[in-house]
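Here is the structure we will look at.
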Amino acid sequence: MSSAEYAIEVENLQKVYDMGAEKVHALKGVTARFRKGEFWAVMGSSGSGKSTMLQILGCLDRPTSGTYRLDGREVSRLGDDDLSDVRLKYIGFVFQSFNLIPQLTVAENIALPLYYQGVDDRESRRRVEKFAQYVGLANRLSHRPNQLSGGQQQRVAIARALATDPVVILADEPTGNLDTAMSIEIMNLFTELNKQGKTIVMVTHEDDIAAYAGHRLVMRDGLIKEMR
């Protein structure tokens with residue numbers, strides 16, 4: 001199959017951290033492909049390598065060896081500026097801690113990646129309103145994060161991730177700071193996004209959250225134990 005069918009392709013990814021006298025092998029040769037439009041849950045205990053892999057998939061870190069193609073483009077050896085550009089154009093991030101800027105309004109938080117992309121004000125406003133409406137926060141655009149519930153803050157983060165129309169959404173424990181009811185709301189939103197064709201890769205340690213994904217990848221000791 002051609003690379004055009006895949007959002008993410010990694011081959012023999014290895015990551016070694018030099019801890020002085022000791023070397024930590026976080027990834028020991030990971031090979032995986034995620035087709036466009038798929039929803040993957042990445043699972044594994046602490047130290048399994050799942051967080052390291054997400055860092056590399058998000059172009060926040062580079063592998064020690066191996067290759068990573070994002071939407072058919074080899075990105076594992078790009079320089080810092082090019083990696084930053086890839087993150088901005090191709091990847092939408094949703095974090096456990098929301099990572100909203102407290103001094104900015106909901107509208108300004110959603111618009112932030114568009115500002116860095118150089119999107120003009122009119123188009124930026126259009127996208128902000130569109131995605132705020134999509135996540136059910138059209139009436140909260142002037143609010144600041146501390147005026148919102150945890151679930152609402154995560155919805156802002158999702159709207160921000162969607163604003164740039166990324167190739168893939170990477171979610172790191174997106175329900176980790178939410179209660180059960182809010183977690184269900186957020187996962188229903190991810191499910192709807194996936195039905196609309198968005199590729200999602202989500203790290204979680206919770207089986208009930210992973211059940212929302214159509215596919216599951218389980219890691220152990222820096223290797224893939226299961227992929228289905």
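Scope of the values below: all heavy atoms of this structure, side chains included, with no hydrogens, waters or symmetry mates.
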To the nearest 0.5 Å, what is the distance between [atom1] ([X]) and [atom2] ([Y])?
X	Y	atom1	atom2	answer
Leu70	Lys89	CG	NZ	12.5 Å
Gln153	Asn99	CD	CG	11.0 Å
Lys36	Tyr6	NZ	OH	11.5 Å
Met43	Glu206	CE	CD	8.0 Å
Leu88	Leu83	CG	CG	12.5 Å
His215	Leu217	NE2	CG	11.5 Å

Co-membership, hydrophobic cluster, residues [X] and [Y], 4.5 Å side-chain:
X	Y	value
Ile224	Ile56	yes
Leu162	Leu57	no
Met219	Met202	no
Ile101	Tyr115	yes
Met182	Ile158	yes

Determine whether a donor-acceptor pair (N or O, by modelled atom type, separation under 3.5 Å) exists between the side chain of [X] and the backbone of [Y].
X	Y	value
Thr64	Val16	yes
Gln154	Phe95	yes
Thr204	Ile209	no
Ser149	Gln152	yes

Any Lys/Arg nitrogen of [X] or [Y] sitting under 4.0 Å from an Asp/Glu carboxylate oxygen of the other?
X	Y	result
Lys28	Asp221	no
Asp80	Arg62	yes
Arg127	Glu129	no
Arg216	Asp207	yes

Heavy-atom side-chain proximity of [X] to [Y] below 4.5 angstrom:
X	Y	result
Ile91	Val167	no
Arg160	Pro113	yes
Val201	Ile8	yes
Asn109	Pro145	yes
Glu9	Phe34	no
Thr175	Ile184	no
Val10	Thr67	no
Val86	Arg73	yes

Nearest heavy-atom neighbours spanning [X] and [Y]:
X	Y	result
Ala161	Phe93	CB-O, 3.7 Å
Pro174	Val203	CD-O, 3.9 Å
Gly222	Val30	O-CG2, 3.6 Å
Leu141	Ala132	CD2-CB, 3.5 Å
Ser76	Gly66	OG-O, 3.7 Å
Ala138	Gln133	CB-OE1, 3.3 Å

Candidate pair Tyr68 and Cys59, rule side chain to side chain contact (heavy atoms under 4.5 Å, CB included), full reasoning: CA-CA 10 Å; Tyr68 171 26; Cys59 295; 4.2 Å; yes

Asp81, CG atom: more than 12 neighbouring heavy atoms under 6.0 Å: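 Result for CG/Asp81: open.
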
Transitive ILVMFWY cluster of Met19, excluding itself - 4.5 Å side-chain cut-off: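 Members besides Met19, by chain and number: Tyr17, Val24.
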
Leu170 vs Leu54, side chain to side chain contact (heavy atoms under 4.5 Å, CB included): CA-CA, chis, key distance, verdict: CA-CA 8 Å; Leu170 299 180; Leu54 197 72; 4.2 Å; yes

Glu123/Arg125 under salt bridge (charged side-chain N to carboxylate O under 4.0 Å, His left out): CA gap, chis, key distance, verdict: CA-CA 5 Å; Glu123 173 62 13; Arg125 282 194 301 271; over 6 Å; no

From CA spacing to verdict: side chain to side chain contact (heavy atoms under 4.5 Å, CB included), Ile200, Val168: CA-CA 6 Å; Ile200 303 171; Val168 62; over 6 Å; no

Pairs where residues 166-189 contributes a residue and the test salt bridge (Lys or Arg N to Asp or Glu O under 4.0 Å) is met, not counting sequence neighbours: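 Salt bridge (Lys or Arg N to Asp or Glu O under 4.0 Å) check on residues 166-189 returns Arg155-Glu185.
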
With a cut-off of 3.5 Å and sequence neighbours excluded, list every side-chain donor-acceptor pair involving residues 189-196.
residue: Thr191; atom: OG1; partner: Met187; partner atom: O; Å: 2.9
residue: Glu192; atom: OE2; partner: Gln196; partner atom: NE2; Å: 3.1
residue: Asn194; atom: ND2; partner: Gly37; partner atom: O; Å: 2.9
residue: Asn194; atom: ND2; partner: Lys198; partner atom: O; Å: 3.0
residue: Gln196; atom: NE2; partner: Tyr134; partner atom: OH; Å: 3.3

Pair Phe98-Leu178, side chain to side chain contact (heavy atoms under 4.5 Å, CB included): steps then yes or no: CA-CA 11 Å; Phe98 318 134; Leu178 305 177; 4.0 Å; yes

